[in-house]
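No hydrogens, no waters, no symmetry mates; every other heavy atom, side chains included, goes into these values.
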Amino acid sequence: MDSSKADLVTEFPGIIRVYKDGRVERLIETDFVPPSTDSQTGVSSKDVMIIPESNVSARLLLPKLTKPDQKLPLLVYFYGGAFCVSSPFTHKYSSYLNALVAEANVIAVSVNYRKAPEHPIPTAYEDSWAALQWVVSHSNRQGPEVWLNDHADFERVFLGGESAGANIAHNLAIVAGDAEFGLNVPILGIALVHPYFWGSDPIGSEALDPNRKAIVDRLWPFLCPSNPDNNDPRINPVAIDGPSLAGLGCKRVLVCVAEKDVMRDRGWLYFEALGRSGWMGVVEVMETEGEDHGFHLQELECEKAKDLITRLAAFYNRDMPPFF
């Protein structure tokens, strides 16, 4: 028997392995693309350290400006990767954010939160909340980062993410809606693309793919050993004992789902539950037919990926709903 296999404690095939000695082997998305000015889109990027003690950092992205003092919608973005792989600095997310920032004409802060299992849940939420607080500290135009001081419109702040990052965006909006923890600037909207939501009891078509369901069933207990319950409200936002969606701290929500995604029905359930929760905002949903989880990150040039980016860009350029 392969001794390395014998020492294996946990494996998600093709994604991550954890060994008895604590070693973690990530099998995908470990590459690093340095910041630059992208030749295709003209988007400039740079990396900043937010919390040196915990190594929480971010990649800032700025589209081509038409005037020196131009103010742009601000997107605070959270990458996906099942809370345990990837970063804002991979080719996948660098390329995607360049395309999104160029199309939407927004300034973006792509947060590099720490990953499980070395840093189990709730670390990703804590890092992301701290990063969001750092971002909004620039609203007085006297923060440490000149791009945010000069070009971020703090009346048009959005949160967004894919998969685990969409989960983070939702959970931060829940915290932002709590007066005890709220921010000193409002969040206008959140865009949740293929959100990683789940639950202990199957819904919709989840049970029709038992292999994929079994993998997702194992994921949250791996990420969050302190509360390994798939009905934890952080992963199941419609859980009975969770905070009311009526308290969501934003005015607009866009939920994007993919027809073949095992998590598709969870996105639809969130859309429906939010709409009937008493939340005083506007929620929309977009479904991409014939595609699976995160398809657009693999095929940026396909028409359906371009359609998704166009929809997101329109969302990030909407103002406050007229009745607020």
Side-chain angles (χ1 to χ4, degrees), residues 78 80-83 121 124-125 158-178 187 189-221 223-224 227-296 304 308 311-312 315:
F78 306 98
F83 287 101
I121 298 294
Y125 299 123
F158 295 88
L159 308 183
E162 326 294 298
S163 192
N167 176 293
I168 291 173
H170 158 75
N171 279 288
L172 264 56
I174 287 287
V175 176
D178 186 328
I187 296 171
I190 61 173
L192 312 181
V193 181
H194 308 167
Y196 169 30
F197 295 143
W198 204 240
S200 297
D201 300 317
I203 64 169
S205 60
E206 289 170 0
L208 299 180
D209 192 339
N211 292 332
R212 289 183 76 183
K213 181 183 181 300
I215 292 170
V216 183
D217 281 344
R218 289 175 51 220
L219 184 56
W220 184 257
L223 301 168
C224 187
N227 188 29
D229 182 352
N230 277 310
N231 276 336
D232 183 318
R234 293 169 294 186
I235 195 65
N236 183 4
V238 301
I240 294 173
D241 58 348
S244 171
L245 293 178
L248 194 69
C250 62
K251 299 302 181 186
R252 288 191 180 277
V253 175
L254 172 62
V255 184
C256 301
V257 298
E259 181 185 16
K260 295 183 177 181
D261 185 359
V262 70
M263 299 178 193
R264 167 196 178 271
D265 294 323
R266 297 287 169 176
W268 272 104
L269 179 60
Y270 177 87
F271 164 75
E272 293 161 357
L274 182 59
R276 62 173 182 261
S277 69
W279 173 68
M280 298 296 291
V282 177
V283 60
E284 313 164 50
V285 67
M286 172 188 183
E287 177 162 345
T288 304
E289 295 181 357
E291 297 292 349
D292 211 329
H293 192 82
F295 76 94
H296 56 296
K304 290 178 180 178
L308 177 56
R311 181 68 176 272
L312 289 165
F315 180 78

query = Going from CD1 on I121 to CG on N167, what distance comes out if it is rounded to the nearest 0.5 angstrom?
reply = 7.5 Å
ask   = So which heavy atom on L192 is nearest to which on A169, and how close?
value = CD2-CB, 3.8 Å
ask   = Do W220 and N227 have a side chain donor and acceptor closer than 3.5 Å?
value = no
query = Would you say V238 and R266 make side-chain contact, with heavy atoms under 4.5 Å?
reply = no
key: Heavy-atom check, side chain of L312 versus side chain of L308, under 4.5 Å   = yes
ask   = Counting N and O atoms only, with roles assigned by atom type, does the side chain of E284 sit under 3.5 Å from a partner on the main chain of L254, one being a donor and the other an acceptor?
value = no
query = Where the side chain of N230 meets the backbone of N236, is there a donor-acceptor pair that is under 3.5 Å apart?
reply = no
ask   = Is the backbone of G294 close enough, under 3.5 Å, to the side chain of H194 for a donor and an acceptor to pair up by distance?
value = yes
query = Quick one: which of W279, W198, Y196, F197 gives a ring-ring contact (aromatic ring centres under 6.0 Å, His included) with Y270?
reply = F197
message = For P233, is there any backbone N or O sitting under 3.5 Å from a side-chain donor or acceptor partner on D241?
response = no
task = Take H296 and V193 through the test side-chain contact (heavy atoms from CB on, under 4.5 Å) and record every step on the way to the result.
result = CA-CA 10 Å; H296 56 296; V193 181; 3.6 Å; yes
query = Counting only N and O atoms by type, is there a donor-acceptor contact under 3.5 Å from the side chain of N231 to the main-chain atoms of A239?
reply = no
ask   = In Å, rounded to the nearest 0.5 Å, how long is the span from CG of L245 to CG of L274?
value = 5.5 Å
ask   = Given side chains that start at C-beta, do those of L219 and I235 come closer than 4.5 Å, heavy atoms only?
value = no
message = If you define the side chain from C-beta out and look only at heavy atoms, does anything of K213 sit under 4.5 Å from P202?
response = yes
inquiry  = Between E287 and W268, is there a side-chain donor-acceptor contact under 3.5 Å, judged purely by atom types and distance?
reply    = yes
query = With a 4.5 Å limit on heavy-atom distance, are the side chains of D265 and S205 in contact?
reply = yes
query = Given V253 and V282, is the side-chain contact (heavy atoms from CB on, under 4.5 Å) satisfied, shown in steps?
reply = CA-CA 6 Å; V253 175; V282 177; over 6 Å; no
task = Would you confirm whether the ring centroid of F83 sits within less than 6.0 angstrom of the ring centroid of Y125?
result = yes
task = Please say whether more than 12 non-hydrogen atoms of neighbouring residues, nucleotides or ligands are located less than 6.0 Å from CD1 in I240.
result = no
